[in-house]
Protein chains: 2
Amino acid sequence: MADEPTRSTFDRREEVLAAAAECFMRRGYDATTMDHVAETLGATKGRVYHHFTSKPELFFAVWRRAMELVFDAILPHATTDEPGGERLAAMARAHALCMMEKRPFQRTLARGVDLYRFGETSAENRAILQVLMDQRREYELLFRRVTQAGVDDGSLAVPDARVATRTLLGALNWVTIWYEPRPGETRADRERLAEQVVQTVLDGFRHLP
Amino acid sequence: MADEPTRSTFDRREEVLAAAAECFMRRGYDATTMDHVAETLGATKGRVYHHFTSKPELFFAVWRRAMELVFDAILPHATTDEPGGERLAAMARAHALCMMEKRPFQRTLARGVDLYRFGETSAENRAILQVLMDQRREYELLFRRVTQAGVDDGSLAVPDARVATRTLLGALNWVTIWYEPRPGETRADRERLAEQVVQTVLDGFRHLP
DNA sequence: GCGAGGACATACTCGCCAGTATGTGGGGGA
DNA sequence: TCCCCCACATACTGGCGAGTATGTCCTCGC
């Protein structure tokens, strides 16, 4: 009675999605079996296949969700009327925080290399792949434009905006690799960590106060 | 006659290793089949299994080689008598360059997540895994110590040396993801690119000249 | 020119995993 | 109260890929 009296169909599907993200994070796409996902749920394959028709579809759903999560996290900070440097810092903080708090999804997203193999399979998968790649590209472009805006308004200075953007995103995405949540950790702890990462990249190592 | 008159056994083994690195870079560990490696070589599985007894052994060999390559690249710059800031910059440049020039090996190394699954297999694999993980850790420690030296001698300033090191290595390792060699590209081109990446991280985005 | 072994190729086996076909409990609408 | 269908569980199949067993060529020492 106390536990989940009325969980909607939507929630049940979300549980499967979260379990899949967890598995994909830990083992990657190929090493993850549908039975692993089911086991993580405390269920059987039947449940997984009831909500998702195939393994690629499940993976794409995780990827898509991961994309939505970062986009939603940074978009509010991308279009303020602050100078480029401030906007970029806010976006970077939000991105880093998202890496930590949605780690299963975001690590799966970061290891996009897996996607290569879908290009060899069906035309349908290739089409989905194209859309996802375009979104990824759009996301990077968002950062590049804000960086360029910062250079233009004088709040930033980098050798090359394109290289700088990739460098920044690399540093931020890498968080999914080394970050591990600690027991008793609060949101403030994570925000502090995100701030440290962002400061390190944006202020640099040679910035002597 | 013109081609390869006397290739040693060593070279033949190296070819297999390079082909494996190429495959692991493109598809990751699990999606790579021994037949893929053979096909890349223009040979059959027989040749691969003649030089390496199993798929894990082949993977570990690639990983080990990748480790040797970066270590050899940065070690000469780690122990000079220059200030920490200079040393760290030189190490970072060498690391970035290595990411580009040994990309198949280095991307395989960077996606160390794959290793998780070996922990579940044989005790032998677990032991090898431990050694490799220790080396990886040692490598990171090398960067951290030089960073700390820079902070101590006043040539560097970061919020936290541990976080800074991971941030730096993230930005550098990410090169293996987005870098793609261009036809007609020279070593000087790559050095310039490496320098841009290193400058971006070490000088930061807000470093206004 | 010949025996042997190194460096592969060929032809299998066997287990695992994606996907499917079918069974089942239970809750809600009539 | 009965039925029906939703949300799974159970029980299969089929193919793919790691590993193996054996055959073959070619070279090198004698």
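Chain A is the first sequence line, chain B the second, and so forth, proteins listed ahead of strands; every chain is numbered from 1.
Here the side chains of A:Arg187 and A:Leu97 are in contact, with some heavy-atom distance below 4.5 Å.
Residue contacts for B:Thr33: at a heavy-atom cut-off of 4.0 Å it reaches the sugar-phosphate backbone alone, with no base atom in range. Across all strands, A:Ser54 comes closer than 4.0 Å only to sugar-phosphate atoms, never to a base (heavy-atom distances).
Between A:Tyr29 and A:Phe59, the ring-plane angle classifies as perpendicular under the 30° and 60° cut-offs. Classified by interplanar angle (parallel below 30°, tilted 30° to 60°, perpendicular above 60°), the ring pair A:Tyr139/A:His95 is tilted.
Among A:Met25, A:Lys102, A:Met99, the one residue that satisfies the side-chain contact (heavy atoms from CB on, under 4.5 Å) test with A:Thr176 is A:Met99.
For the pair B:Lys45 NZ and C:dT13 P, the computed distance is 13 Å after rounding to whole Å. Protein atom NE2 of A:His51 is 17 Å distant from nucleotide atom P of C:dG19, rounded to whole Å. Regarding A:Tyr49, its OH atom lies at a distance of 5 Å from the C1' atom of C:dG19, rounded to whole Å. Here C:dG23 presents its P atom at 23 Å from CZ of A:Arg47, a figure rounded to the nearest Å. When rounded to the nearest whole Å, the span between CG of A:Asp35 and P of C:dG15 equals 17 Å. Summarising the geometry, the separation between CG on A:Leu58 and P on C:dC17 is reported as 16 Å, rounded to the nearest angstrom. At whole-Å resolution of the value, CZ in A:Arg27 and P in C:dC17 are 10 Å apart.
Atom CD of B:Glu14 sits in a crowded spot, with more than 12 heavy atoms from other residues, nucleotides or ligands closer than 6.0 Å.
The side chain of B:His50 contributes no N or O atom lying less than 4.0 Å from OP1 or OP2 of C:dC8.
For DNA chain D, the contact window with chain A, defined by any atom under 4.0 Å from a protein heavy atom, covers D:dA7 to D:dT10 in 5' to 3' order.
Annotation: of the two residues near DNA chain C, A:Thr32 and B:Val48, the 5′-most nearest-nucleotide partner is B:Val48.
The main-chain N or O of B:Thr79 is never found under 3.5 Å from a side-chain atom of B:Arg87 such that the two would form a donor-acceptor pair. Judged by distance alone, the side chain of B:Arg27 and the main-chain N or O of B:His36 form no donor-acceptor pair under 3.5 Å.
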